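So you know, we letter chains A, B, ... as the sequences are listed, proteins then strands, and number each from 1. Please read all numbers here as calculations on a predicted model, not as lab measurements.
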Amino acid sequence: MLDSIDKNLHSLNIEDFRKDLISWYLLEKRDLPWRINQDPYKIWVSEIMLQQTRVDTVIPYFLAFTEKFPTLEALAEADEEDVLKAWEGLGYYSRVRNLHSAVKEVVSSYGGIVPDTPEEISKLKGVGPYTKGAILSIAYNVPEPAVDGNVMRVMSRILSIWEDIAKPKTRTIFENILYEVISKEQPSEFNQALMELGAIICTPTSPSCLMCPVREHCHAFHEGVQRELPVKSKKKKPKQVTMAAAVLKDAEGHYYIHKRNSSGLLANLWEFPNCETTIDIVSQKEQLVKFLSDEYETEAELEPLTGTIQHVFSHLVWNISVYAGQLKPGSSYKNLVKVTETEMQRYAFPVSHQKIYKMSLQTNEQ
DNA sequence: GAGTCGTGGGG
DNA sequence: TCCCCAAGACT
């Protein structure tokens, strides 16, 4: 550990810091649906959902998900199609495929009981260093650190740490510190308090230091550099991709949809047939028709461009031109699935393709 | 270690 | 408008 960090850590009154932090948390903590009890399964679900996702976004998904799959066994026995549907729109879909797989593993290897040791729980798919600490501390009161973005931001300010928190290696610095600082009596409250403080008071751009219960312990506050911390290098711009999608219907009103590959981007989700095209708008429709013929052996008549939708991912941007179209009578449709409008509601689509569907409906009305 | 993997909200 | 973010994990 760096000397300056070590120096500031040992100047911290750890007992008072814990007490001030936890006292504040017990008074000010938000009422969140995963704080009703300590059911390890529901804590687990909430922690997976909260990865890189805001609390306000997660709440309705958590309520619906735990109503549909109330127990670990219920989730383990569910069809993946239904599990993905419950995650539709939440993003990072590998999270729920890993959760589903891990829950089955808990049933087969641990008798349906979520393991309570760092070694065992870390073997489960989708449970990394943060989630391990979060579940163990919150559900089982085990004094393991749970270092997320909040914790790195708060502790970088408290101890004036100038390491780049975007680098994976930096997380271990905070873990080592927190093994010392975490409350051994109240690890659950301590970990949640640190995250709650980061979410409510010690926010990224304009921290509310005057309302902070631990500002007297904070090196950054005393030095007036709380706005300069944490140090976080920025990532590069996402790559632009030009695409075209076809909402194909037949004379009976069926839709023709495609299930995506089982790995990679938006794995196992459903979509309207689409392909990457050149940026040449004049020939784009012909490129799409050729793709539909080559890939799916369809004969289709596409209408003029309906419109475009944009979808921004973390690392790329889809610019999608939408074409409504008719599948010709008797046409084949290899690797596509023919569904009614009602049946289609049972499948999970990425948000971009929900937008594509809505756009196609607007044209039908005209 | 850097890239992959979603989405919607806020400054 | 644009950029960054939000309770990360996996390859």
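- For the residue pair Y92(A)/S314(A), the side-chain donor-acceptor check at 3.5 Å is satisfied.
- Distance K236(A) NZ to dG1(B) C1': 13 Å, rounded to the nearest Å.
- If you check every strand for non-hydrogen atoms under 4.0 Å, R30(A) touches a base.
- At a threshold of 4.0 angstrom between heavy atoms, the contacts of V58(A) with the nucleic acid are absent.
- At a threshold of 4.0 angstrom between heavy atoms, the contacts of R35(A) include nucleobase atoms, whether or not backbone atoms are also involved.
- Straight-line distance from the CZ atom of R95(A) to the C1' atom of dA9(C): 10 Å, rounded to whole Å.
- Atom CG of L269(A) and atom P of dG6(B) are 8 Å apart (whole Å).
- Toward the 5′ end of DNA chain C lies the nearest nucleotide of K234(A), the other residue of the pair V127(A) and K234(A) mapping further downstream.
- Considering only side-chain N and O atoms, Y93(A) lies under 4.0 angstrom from the phosphate OP1 or OP2 of dT7(B).
- Across all strands shown, G198(A) has no heavy atoms under 4.0 Å from either base or sugar-phosphate atoms.
- The base of dG10(B) lies outside donor-acceptor range of the side chain of T205(A), with no N or O pair under 3.5 Å.
- Distance, L265(A) CG to dA9(C) P: 20 Å, rounded to whole Å.
- Atom CG of N98(A) is separated from atom P of dC10(C) by 6 Å (rounded to the nearest Å).
- Sequence order on DNA chain B of the closest nucleotides to A267(A) and K167(A) puts K167(A) first from the 5' end.
- Nearest to the side chain of S314(A), among dG8(C), dT7(B), dA9(C), sits dT7(B).
- The side chain of H311(A) contributes an N or O atom lying less than 4.0 Å from OP1 or OP2 of dT7(B).
- Checking the phosphate oxygens (OP1, OP2) of dG3(B), no side-chain nitrogen or oxygen of H315(A) falls inside 4.0 Å.
- Taking the six-membered ring wherever Trp is involved, the centroid distance between the rings of H254(A) and Y256(A) does not fall below 6.0 Å.
- What separates CG of L90(A) from P of dG6(B) is a distance of 11 Å, to the nearest Å.
- At whole-Å resolution of the value, CD in Q310(A) and C1' in dT7(B) are 13 Å apart.
- Here the straight-line distance linking atom CD of Q362(A) with atom OG1 of T306(A) works out to 9.5 Å at 0.5 Å rounding.
- Side-chain contact between Y25(A) and F190(A) is absent, with no heavy-atom pair separated by less than 4.5 Å.
- Taking the centre of each ring, F349(A) and F272(A) come in below the 6.0 Å mark.
- Using a 4.0 Å heavy-atom distance criterion, W318(A) is classed as making no nucleic acid contact.
- Donor-acceptor pairing under 3.5 Å, judged by distance alone, is absent between the side chain of T131(A) and the base of dG8(C).
- Using a 4.0 Å heavy-atom distance criterion, T57(A) is classed as making no nucleic acid contact.
- Look at R153(A) and you'll find a side-chain N or O under 4.0 angstrom from OP1 or OP2 of dA6(C).
- K237(A) places its NZ atom 13 Å from the C1' atom of dC4(C), with the value rounded to the nearest Å.
- Of the charged side-chain nitrogens involved, none lies within less than 4.0 Å of a carboxylate oxygen, so that K104(A) and E73(A) do not count as a salt-bridged pair.
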